[in-house]
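One structure below.
Hydrogens, waters and symmetry mates are skipped; everything else that's a heavy atom, side chains included, is used.
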Amino acid sequence: MFLTFLQNAIRFSAVFLYGSTGEIITERSGNLNLGIPGIMCMGGAGSIIGAAAYVAGVGEEGITPFGAVMVPMIMAMLFAGLGGLIYCVLTVSMRCNQNVTGLALTTFGIGFMNFFGGRADKTSFNVISSYFTQSFPIAEQNWFTTLFLSYGALVYIAIILAVIAAVVIKKTRVGLNLRAVGENPATADAAGVSVTKYKYTATLIGSIIAGLGGLFYIMDQSRGNVEYTIDSFGWLAVALVIFTVWRPNWAILGSIVFSMLYLLPAYFGDSSHPEQAAAITMLPYLVTIVVLVITSIVSRRESQPPASLGLSYFREER
């Protein structure tokens, strides 16, 4: 039972990992995008629209593995990128309040998901989702293959993207410029770094990655069932950013921890005491608060958020 629990926790962690990786990249540029839950919903809605359009266009007999995977993925990335673009136009170009804009975008994304998810033709979604859930063809089943080789490609892509993001942010000149924009945009601007370009690029890339979390949840985790909500996982992904102190590589382990805490009541909870299950589901948020308090007390620069996080940059005030 514990092996099954751990396997499902690792698979489910991809939802949080996509969202947290995207938000870490965004926040490193100084943009506090609280619209990530809505953007994940938009990514999920995009995958639903793409899958339905693809099946309607080619028919169930004409479905191919490449088309079944690529069309929903491209649509998810486009819709999530659109959400990121809306956020950038409002907060970077028009200098609107980032908190209000993000919350409005989340509300919009949830409504967007409910509208299109409730109207999509779901008859062929199980066929489409089967291509996302396919794992490595393994002859021998043991604990190693169960834990590490039994997932669809999107789980491994989430881990790869987190590692790439960590390397780029920490080891490259692009990452140095990105961190400079997030810490002190005026200084970065004076050094010749385009603040607007980095904010737009980081937010768009972060939104696209987060949108893949919505795609994963719809097409892999829930096996094509569009009745489940995504935004609650988006909020956990935002909390995970604080838990991992803005480091994408730490988010890999952190997402597994959050996933285990979230799934714990389903495997080890007592059905006769639902209040215990509700208390357990609060643990990720409580742990995040504890980490936030500890990092504030320790006050190490590398464990603090970007200094300009959530603040609009006015070049005229430089």
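- Residues L240 and L17 form no side-chain contact, since every pair of their non-hydrogen atoms from C-beta on lies 4.5 Å or further apart.
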> Between Y18 and S255, does a side chain to side chain donor-acceptor pair (under 3.5 Å) hold up when you go through it step by step?
Replying inline: CA-CA 9 Å; Y18 277 116; S255 63; over 6 Å; no
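- Taking the six-membered ring where tryptophan is involved, the planes of F12 and F233 are perpendicular, since the angle between them exceeds 60° and thus also 30°.
- A donor and an acceptor atom, one from each side chain of S150 and Q7, are located under 3.5 Å apart.
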> Can you check side chain to side chain donor-acceptor pair (under 3.5 Å) on Y54 and T64, steps first, answer last?
Replying inline: CA-CA 10 Å; Y54 176 70; T64 63; 3.2 Å; yes
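- By the rule that hydrophobic residues join a cluster once side-chain heavy atoms approach within less than 4.5 Å of another member, Y151 and L212 end up as members of one cluster.
- Each of I256, V257, L263 was scored for a side-chain contact (heavy atoms from CB on, under 4.5 Å) with S259, with one residue passing: L263.
- Not one N or O on the side chain of T244 forms a donor-acceptor pair closer than 3.5 Å with the backbone of W250.
- Using a 4.5 Å heavy-atom threshold, the side chains of S135 and L149 count as separate.
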>> Walk me through whether D189 and V193 qualify under side chain to side chain contact (heavy atoms under 4.5 Å, CB included).
In response: CA-CA 5 Å; D189 194 5; V193 177; over 6 Å; no
> Run the ring pair (Phe, Tyr, Trp, His ring centres under 6.0 Å) check on F258 and Y262 step by step: do they pass?
Replying inline: CA-CA 6 Å; F258 272 34; Y262 191 90; 9.9 Å; no
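- If you check the side chains of N31 and Y87, you find no donor sitting under 3.5 Å from an acceptor.
- Two rings, from Y131 and F66, have their centers 6.0 Å or more apart.
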